[in-house]
Amino acid sequence: MNIVDQVPEHIRTLVAYAPGKPIEEVEREYGIANSVKLASNENPLGPSPKAVSTIKERLDQLHLYPDGDCFYLKTGVAKKLGVVPEQLIFGNGSNEIIELAVRTFMRPGDEAVMAQQAFVVYQLVVQAVGGISRAVPLRDFVHDLDAIARAITPKTRIVFLANPNNPTGTIYRREAWERFLRKLSPEILTIVDEAYFEYVEDTDYPDSLRYHQSGKTLLSLRTFSKLYGLAGLRIGYGIGSNQEVIGLMHRVRQPFNVNAAAQWGALAALGDSDHVRRSLEVNHEGMGFLTREVAKLGLGQVPSCANFILIRVENGDEVFEQLLRQGVIVRPMGVYQLPQYVRVTVGTMEENRKFIEALRKIIKA
Ligand SMILES: *Cc1c(COP(=O)(O)O)cnc(C)c1O
């Protein structure tokens, strides 16, 4: 039997993540220029300037292997968060941490629980190791933590939560989270994906780090891809309540999983409080503008705590296509079984206005 025929069913039935085409290709295809990309929740201000200048200064060191331990970055993040370095693990984006956790703690037939409309990567990596995903429907676009707790079985190894959630932008609040925690066995690894946590302004938001002493097994995920504007560098990290959990994941990871430029850039970005402040201001202003203008157009929307917003346009694929013709790239939500919606990243005010004008034309027609 040849190698391809021996591939098990759970690999054969995987559906590859569909990345968008390069922006240049889309522009050529549609005969447009200067298009605005509001599709991937990237920082509209660009990368931290401090990260850019630090990386430029060190380009002549690219022949050297990176620090396999991320020593300086780890020390910097530990100090900032008030945790010990042994609680930290860095990855090629926080996506790699998701994968490492699954590869370390799940075996074929084991189960993971997550929301049905959450980040697609969770179910992808679980399936890749032969695990089984139990996807729990959202309730009014919010994680239904009671139903998630009920979906846990003796086979459950990992629970995935995203707070704020992607693609909804919603959060679950402190009361629901604390009720969930009380029911949770410490034998289960609960991964709280907080890729957007810096954007949250809601005072009832439960920062998972504050619950690391609760006796449960928590892994909080953070990233440099969103607020810090470093999505292209690929760097994110996990903070574990249990150092043994992190230690096991370190054994599974590749020795040089985080590239050198990412380590330099992330450390510089961490100290770039000016870029962070401006990024949060731009998001706050843009979110307010989009929320008001979408309401004026008479469209539904899901209240968002993150840097993007779900808008109900009835036919998401069609509106996506029509926006594209006007040079605005958003994300249709078919993959999340939300075909009536598009997800739009908050851009600069100029980009937000261009989007609203394009949307207005489509609605009027
Ligand atoms: C964008 C995003 C991330 C970040 O992934 P990286 O690999 O760090 O770029 C993680 N989780 C969710 C839910 C996201 O939307």
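Every number for a ligand or one of its atoms is a count from 1 in the order of the listing. Treat the numbers as computed from the prediction; the structure is a model and nothing was measured.
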Pair Glu111 + Arg157: basic N to acidic O under 4.0 Å: no
Can you tell me if Tyr30 and Glu321 form a side-chain donor-acceptor pair at under 3.5 Å? yes
Once ring-ring contact (aromatic ring centres under 6.0 Å, His included) is applied, what residue pairs with a partner in residues 248-298 remain, sequence neighbours excluded? Tyr65-Phe256
For ligand 1, list all ligand N or O to protein N or O distances below 3.5 Å, rounded to 0.1 Å.
unit_1   : atom_1 : unit_2 : atom_2 : d
ligand 1 : 5 (O)  : Ser94  : OG     : 3.3
ligand 1 : 5 (O)  : Asn95  : ND2    : 3.0
ligand 1 : 7 (O)  : Ser94  : N      : 3.1
ligand 1 : 7 (O)  : Asn95  : N      : 3.0
ligand 1 : 7 (O)  : Asn95  : ND2    : 2.6
ligand 1 : 7 (O)  : Arg234 : NH2    : 2.7
ligand 1 : 8 (O)  : Ser94  : N      : 2.7
ligand 1 : 8 (O)  : Ser94  : OG     : 2.8
ligand 1 : 8 (O)  : Thr223 : OG1    : 2.5
ligand 1 : 8 (O)  : Ser225 : OG     : 3.4
ligand 1 : 9 (O)  : Ser225 : OG     : 2.6
ligand 1 : 9 (O)  : Arg234 : NH1    : 2.8
ligand 1 : 9 (O)  : Arg234 : NH2    : 3.4
ligand 1 : 11 (N) : Asp193 : OD1    : 3.2
ligand 1 : 11 (N) : Asp193 : OD2    : 2.6
ligand 1 : 15 (O) : Asn166 : ND2    : 2.7
ligand 1 : 15 (O) : Tyr196 : OH     : 2.6
ligand 1 : 15 (O) : Lys226 : NZ     : 3.4

Report the residues that fulfil salt bridge (Lys or Arg N to Asp or Glu O under 4.0 Å) with Arg253, sequence neighbours left out, ordered by chain and then residue number. none
Does the plane of the ring in Tyr122 sit parallel, tilted or perpendicular to the ring in Phe119? Use 30° and 60° as the thresholds. perpendicular
Can you run down the ring-ring contact (aromatic ring centres under 6.0 Å, His included) pairs that involve residues 335-365, sequence neighbours left out, and say none if there aren't any? Phe141-Tyr341
